[in-house]
Amino acid sequence: MSYVITIDGPAGAGKSSVAKKAAEILGIKYLDTGAIYRAIALILAKSEIMPDNEEFLREALSEIRIELRENGVLVNDFDVTSEIRTPEVDALASIYSALPVVRSALLGLQQEQVNYGSIIAEGRDVGSVVFPNAKVKFFLTATPEARAKRRYDERVKKGENADFNEILAAIIQRDKNDSGREISPLSVPDGAIYLDTSDMSEQEAVNFVVDKVNEALK
Ligand code: DC
């Protein structure tokens, strides 16, 4: 019988890397719901469909095909895997994902992923709205400074320009957007295990998640 594990939390708390590694160890699929919101935001912005034009949005959303692959995302057969990982798309995804019309259009796509086997889903509302009956729910967080430091180190490692204060300000702004919105605000889902990773290594967080899941599956 397939089961669902959820990890919610703010940007940069380490959800993706923890979910990816835990999925590998547990032998289940990893569902990156943020990538879906990013892909949709990118295509809507490129098509110049403004966030306040609900009618156009609804029409466009009914025509966009999103396909999730093992290591990427396709929109209308076009691979956007790397294009969705830019600071511009960070900001666009935060804006478009606050819209009810966007969220409801993407609900079914996320939920149907469980038809293909057990999953570990990561996002902002996966434990509260998308999979309220998940087997185990986690809420992964870290201080804004710890999260900004991780993003900064990542960019420097890739040889990109990075300004710590700029990254910190963007993280604080995204937290505000994601927590302050009316629909599906970022919150700790009922029954979720709360984990602050500020002073933890990635491996420690992965071990914590895997141990809790194995305990629940016993
Ligand atoms: O996790 P991420 O940074 O890739 O998410 C991109 C944006 O999408 C972020 O602003 C929050 C939003 N998002 C959401 O609203 N709900 C989700 N389940 C996942 C992401």
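When a ligand or atom number is given, it counts from 1 through the structure's own listing order.
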CZ/Arg174 to OG/Ser179 distance, rounded to the nearest 0.5 angstrom? 11.5 Å
So for Val130 against ligand 1, with non-hydrogen atoms under 4.0 Å, the contacting part is neither
State the atoms of ligand 1, each with its element, that fall below the 4.0 Å cut-off from a heavy-atom position in Ser94. 10 (O)
Ligand-residue contact atoms, ligand 1 with Asp178, heavy atoms, under 4.0 Å: 9 (C), 10 (O), 11 (C)
Ligand 1 atoms in contact with Arg181 (distance to a heavy atom under 4.0 Å): 14 (C), 15 (O)
Is Arg174 in polar range of ligand 1, meaning some N or O pair under 3.5 Å apart? yes
May I ask you to identify, for Ala11, whether its side chain, its backbone, both or neither come under 4.0 Å of ligand 1 on a heavy-atom basis? neither
When rounded to the nearest 0.5 Å, the distance separating CG of Leu195 from CZ of Phe139 is 11.0 Å
So do the side chains of Pro10 and Leu186 get within less than 4.5 Å of each other, counting heavy atoms only? yes
For Glu55, look at atom CD and say whether over 12 heavy atoms of other residues, nucleotides or ligands are found less than 6.0 Å away. no
Go through ligand 1 atom by atom and flag the ones less than 4.0 Å from a non-hydrogen atom of Arg38. 2 (P), 3 (O), 4 (O), 6 (C)
Checking the N or O distance criterion of under 3.5 Å, is ligand 1 in contact with Arg103? yes
What residue and atom, counting heavy atoms only, is the protein's closest point to atom 8 (O) of ligand 1, and at what distance? Tyr37 CB, 3.6 Å
Would you indicate whether the side-chain heavy atoms of Tyr194 and Phe138 approach each other to under 4.5 Å? no
Gly34 heavy atoms within 4.0 Å reach ligand 1 at atoms 4 (O), 5 (O), 19 (C), 20 (C)
